[in-house]
K.L.:
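Let me begin by handing over the structure; questions about it come next.
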Amino acid sequence: MENTTRQRESLSKTLKRGDIWAFAFGSIVGWGWVMLAGGWVISAGTVGAIIAFIIAAVLCGFVGMAYAELTPALPLAGGSMVWCYRASGYKFAWFSGWAIAFAYVAVAAWEGPAFASAVAYLIPLPEVGFLWNIAGFDVYVPFIIVSMAGTIFTMFCHYRGLKFAAIFNTIAAIALVAGGVIFFLGGVTLGDIANAAPAIRDGFGGISIVLVAAPAMFVGFDVIPQASEEMDYPIRQVGILVLFAIFLGVLWYIMMIVGTAFAAPADFLESASIPLADAASYVFNSKIFGTFIIIAGIGGILTSWNAMFVGSTRILFSMSRAKMLPTVFSKLHPKYGSPTAAITLVGVLGLISPLLGKNALGWFVDASSFGTVFAYLTVSISFVMLRKKEPDLKRPWKAPGGYFTGFMAIVSCLFFIVLYLPIGPGALEWPYEWGMVLLWVIIGIILVIVNKIQFGTVTEAERELLLFGEEYARPEKLK
């Protein structure tokens, strides 16, 4: 057992207060608001889109309270996967970990095309070196180069360690906030309330279209537990930070919906290449403000990209540390302490994603949302189970409502899952979105088989110590 303790890789506590606040906000607000806010208004109307995000925030809030309680109780890399193991063992934990890994990797993958789209607004990319057309979008070499350059830069930052990446994350978060606030104020003061009509479009059908995308817009609060092992911060406050991130997210999206709705009429938004940037140029009557929004949006891309790299690499690290994945993913850089193999894998997938073209953004949004709500469901179930199995587990912050909160979180997740099924109003698209989900499932099945062959002799006591370390391991499981 002592040998296992020595072999257990541990992440260093490098994130300070300022880094953590920028990380919390930046993790939940990325690029989607720049590209999608106009579509939300067109699909559901101004009030309808707001209703959709309030519903999503309330439903995510129940799940968030489960995260907020479990994060300071078991503040370990792996987050949801670790809690699921504690609640129900290996299989349940593996399923949860692989589901949330899919969500993080999918979001990280769409950031490359989003970055190239943003750069193209500032500096039009030449349409040379035609490769192919996918779903109506012509893919050219310059688009691929810019996307890949952004991915390589993000990989470099994370190779140098999370503290190094946090410096760029804080700068990007400041740019993000400045741009969004200026746009909102300009939209409501210089725009026209007549542009915001109708208040609700197409009833619940319109609202459900926005609801389908909403979980992906809130992905990020769940990344905070993934980095909790690296936070030099009062552990109780880390849990509360999860809830605060959700609040900041819904506030931000409502501001962007209102600002967009007031800024320009619906027919203008419908034909805009990048809706929020074009709406800013329209309402301020200057292309400069559209450029300013793109710069803010790039800040959002970088903060979200950073968060998804953290989430995806830390879940892979944690699963590998517990011998649920090949051990190479838990090897840390000798100088920077970063999980290099995990960063490489996520980075390579990010380098491939631009080959699918700009329209892949919507596919990645919906597919990642599907993976997210499945992971949320496993956490909500674990929350209820741990309340019953380990009532004496030290919980620095306890969610109000107890079992009721847990059951509401489960109901919320099931509601979202139905939206994505073929019977739901926001069914995933075949073959693109369901194809992504199916591919990830197939990869998971292969890894389960390989892992069973490689680590079939790992004892329960060894895995307990690898997952939780001496501080959080259950003594009875170590015997």
Side-chain angles (χ1 to χ4, degrees), residues 59-104 215 218-219 221-229 235-236 238-243 246 311 314-319 321-322 324-325 370-417 444 460 463-464 466-469 471-474 476-477:
L59 297 179
C60 287
F62 285 112
V63 180
M65 282 193 279
Y67 273 85
E69 177 172 303
L70 294 173
T71 298
L74 296 167
L76 299 161
S80 57
M81 184 275 294
V82 174
W83 309 330
C84 289
Y85 184 91
R86 190 82 165 212
S88 190
Y90 179 90
K91 293 180 180 178
F92 192 53
W94 209 102
F95 176 80
S96 175
W98 199 240
I100 199 62
F102 171 65
Y104 293 150
F218 284 99
V219 169
F221 76 84
D222 47 283
V223 179
I224 295 171
Q226 299 291 345
S228 60
E229 193 172 319
I235 195 60
R236 182 178 185 275
V238 172
I240 297 173
L241 197 60
V242 172
L243 296 176
I246 296 174
R314 270 50 180 182
I315 188 65
L316 294 174
F317 165 84
S318 183
M319 292 180 75
R321 181 170 64 180
M324 294 178 171
L325 287 177
F370 187 66
T372 299
V373 294
F374 259 105
Y376 287 175
L377 177 62
T378 63
V379 170
S380 303
I381 293 171
S382 297
F383 171 85
V384 173
M385 293 180 69
L386 286 173
R387 275 288 183 110
K388 183 176 181 180
K389 291 177 64 175
E390 294 193 52
D392 297 327
L393 176 67
K394 185 178 179 181
R395 294 171 169 86
W397 187 86
K398 293 190 73 171
Y403 285 110
F404 173 78
T405 296
F407 288 126
M408 286 302 298
I410 293 172
V411 170
S412 300
C413 295
L414 292 174
F415 169 79
F416 276 122
I417 288 172
E460 185 179 0
R463 183 164 281 124
E464 178 80 11
L466 289 169
L467 269 170
F468 301 105
E471 183 176 359
Y472 295 101
R474 294 162 290 186
E476 67 276 11
K477 296 291 184 179

K.L.:
Counting only heavy atoms not in F404, do more than 12 sit closer than 6.0 Å to its CZ atom?
P.N.:
no
K.L.:
With sequence neighbours excluded, tell me which residues meet side chain to side chain contact (heavy atoms under 4.5 Å, CB included) with L377.
P.N.:
I381, I410, C413, L414, I417
K.L.:
By side chain to side chain contact (heavy atoms under 4.5 Å, CB included), which residues pair with F95, not counting sequence neighbours?
P.N.:
F374, T378
K.L.:
Could you please spell out the steps behind the side-chain contact (heavy atoms from CB on, under 4.5 Å) verdict for M81 and I315?
P.N.:
CA-CA 8 Å; M81 184 275 294; I315 188 65; 3.5 Å; yes
K.L.:
S382 and F92: which non-hydrogen atoms are nearest, and at how many Å?
P.N.:
OG-CE2, 3.3 Å
K.L.:
Please give me the minimum heavy-atom distance between S318 and V82, naming the atom from each residue.
P.N.:
OG-CG2, 3.9 Å
K.L.:
Going by the rule ring pair (Phe, Tyr, Trp, His ring centres under 6.0 Å), which residues pair with F102 if we only count those two or more places apart in sequence or in a different chain?
P.N.:
W440
K.L.:
Just checking F383 against W83, ring centres under 6.0 Å apart?
P.N.:
no
K.L.:
For a quick test of reading the model, state the closest non-hydrogen atom pair linking A93 to C84 and the distance between them.
P.N.:
CA-CB, 3.8 Å
K.L.:
Kindly give the heavy-atom pair with the smallest separation between M65 and W397, and that separation in Å.
P.N.:
O-CZ3, 3.8 Å
K.L.:
Where do L386 and R395 come nearest, in terms of heavy atoms and distance?
P.N.:
O-NH2, 3.0 Å
K.L.:
Check whether T405 reaches the backbone of P400 with its side chain - one donor and one acceptor, N or O, closer than 3.5 Å.
P.N.:
yes
K.L.:
Keeping the roles fixed (side chain from S412, backbone from M408), state whether a donor-acceptor pair exists under 3.5 Å.
P.N.:
yes
K.L.:
Please determine whether side-chain contact (heavy atoms from CB on, under 4.5 Å) holds for the pair Y90 and Y85, giving the CA-CA distance in whole Å, both sets of side-chain angles, and the decisive distance to 0.1 Å.
P.N.:
CA-CA 6 Å; Y90 179 90; Y85 184 91; 4.2 Å; yes
K.L.:
To the closest 0.5 Å, what do you measure between CE (M319) and CG (L467)?
P.N.:
10.0 Å
K.L.:
Just so I know, are the side chains of Y376 and S80 near enough to count as touching, which here means a heavy-atom distance under 4.5 Å?
P.N.:
no
K.L.:
Under the salt bridge (Lys or Arg N to Asp or Glu O under 4.0 Å) definition, can you give me all pairs with a residue in residues 70-94, not counting sequence neighbours?
P.N.:
R86-E390
K.L.:
Give me each pair satisfying salt bridge (Lys or Arg N to Asp or Glu O under 4.0 Å) with a member in residues 374-389, each pair once, sequence neighbours excluded.
P.N.:
E69-R387
K.L.:
Sequence neighbours excluded, which residues qualify as side chain to side chain contact (heavy atoms under 4.5 Å, CB included) partners of L241?
P.N.:
I20, W21, A24, I224
K.L.:
Return the OH to CZ distance between Y104 and R314, rounded to the nearest 0.5 Å.
P.N.:
12.0 Å
K.L.:
A side-chain contact here means heavy atoms from C-beta on lying under 4.5 Å apart; do Y67 and I246 qualify?
P.N.:
no
